[in-house]
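Below is one structure, written out as structure tokens, with a few remarks after it.
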Amino acid sequence: QVQLVESGGGLVQAGGSLKLSCTASERTFSIYAMGWFRQAPGRGQVFVAAISWNGRTISYENSVKGRFTISRDNAKNTVYLQMNSLKTEDTAVYYCAAAETTQPPISAGEYNYWGQGTQVTVSS
């Protein structure tokens with residue numbers, strides 16, 4: 001059982017930046033593809049970004065391309081989401097997830113483990 005703990009959320013003004021972290025309890029973290037999803041109030045969970053186990057394959061949802069960067073440090077069992085030029089519409093609870101796959105999925109249903117989420121609020 002992999003436990004994932006997110007951190008780094010908070011309140012930021014539009015145009016600002018935040019960096020989310022997600023640390024896994026599992027020593028075999030390096031074998032998992034990792035993803036970030038978000039859920040705004042009253043909406044479903046939406047894919048944000050994903051990265052393969054070796055960092056060579058990365059995917060982004062269109063609205064965050066050029067603003068968000070996903071990365072990972074397998075030595076620290078941690079995946080990151082650097083968020084720049086934040087907009088009010090980025091306000092959501094952000095979840096990290098781990099998938100037992102080679103390629104990083106963009107579908108939430110393909111992820112096996114989930115963190116509890118961290119709130120990101122962007123004010124105007």
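Partners of Q45 by side-chain hydrogen bond (donor to acceptor under 3.5 Å, both in side chains), not counting sequence neighbours: none found. Looking at residues two or more places apart in sequence or on another chain, you find a side chain to side chain contact (heavy atoms under 4.5 Å, CB included) between I31 and T28. Residues satisfying the side-chain hydrogen bond (donor to acceptor under 3.5 Å, both in side chains) criterion with T121, sequence neighbours excluded, are Q119. By the side-chain hydrogen bond (donor to acceptor under 3.5 Å, both in side chains) test, N54 is found to be paired with S52, residues two or more places apart in sequence or in another chain being considered.
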| query | Between S71 and V79, does a side-chain contact (heavy atoms from CB on, under 4.5 Å) hold up when you go through it step by step? | reply | CA-CA 6 Å; S71 61; V79 62; over 6 Å; no
| message | With ring pair (Phe, Tyr, Trp, His ring centres under 6.0 Å) as the criterion, how do W114 and F37 come out once you've worked through the C-alpha distance, each side chain's angles and the decisive distance to 0.1 Å? | response | CA-CA 10 Å; W114 291 83; F37 290 77; 5.1 Å; yes
| request: Apply side-chain contact (heavy atoms from CB on, under 4.5 Å) to Y80 and D73, showing your working. | output: CA-CA 8 Å; Y80 304 97; D73 185 340; 4.1 Å; yes
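Between F47 and S107 the shortest side-chain heavy-atom distance does not fall below 4.5 Å. The shortest side-chain heavy-atom distance between I51 and W36 does not fall under the 4.5 Å cut-off.
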In a table with atom names and distances, give each donor-acceptor pair under 3.5 Å that connects a side chain of residues 94-102 to protein atoms at least two apart or in another chain.
residue : atom : partner : partner atom : Å
Y94     : OH   : R38     : NH1          : 2.8
Y94     : OH   : D90     : O            : 2.6
E100    : OE2  : Y113    : OH           : 3.2
T101    : OG1  : Q103    : O            : 2.7

Could you list the donor-acceptor pairs under 3.5 angstrom formed between side-chain atoms of residues 14-24 and any protein atom two or more places apart in sequence or on another chain?
residue : atom : partner : partner atom : Å
S17     : OG   : N84     : OD1          : 2.9
T23     : OG1  : T78     : OG1          : 3.1

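The line from NZ of K87 to OG of S124 is 14.5 Å long, rounded to the nearest 0.5 Å. Rounding to the nearest 0.5 Å gives a distance of 5.0 Å between CZ of F68 and CE of M83. Atom CG of residue N77 and atom CD of residue Q3 lie 12.5 Å apart, to the nearest 0.5 angstrom.
Linking ILVMFWY side-chain heavy atoms closer than 4.5 Å, directly or via other members, places L86 and V48 in a single hydrophobic cluster. I58 and L81 fall within a single hydrophobic cluster, where Ile, Leu, Val, Met, Phe, Trp and Tyr side chains are chained together by heavy-atom contacts under 4.5 Å.
A donor-acceptor pair is defined here as one N or O able to donate and one able to accept, closer than 3.5 Å; such a pair exists between the side chain of Y60 and the backbone of I70. A donor-acceptor pair is defined here as one N or O able to donate and one able to accept, closer than 3.5 Å; no such pair exists between the side chain of E61 and the backbone of K65. Between the side chain of T91 and the main chain of V122, a donor-acceptor pair closer than 3.5 Å is present.
When all heavy atoms of I106 and S59 are compared, the pair lying nearest together is CG2-CB, 4.2 Å. Contact between Q1 and S25 at its shortest, heavy atoms only, is O-OG, 4.2 Å.
For Q13, the CD atom counts as loosely surrounded, since its 6.0 Å shell holds 12 or fewer non-hydrogen atoms of other residues, nucleotides or ligands.
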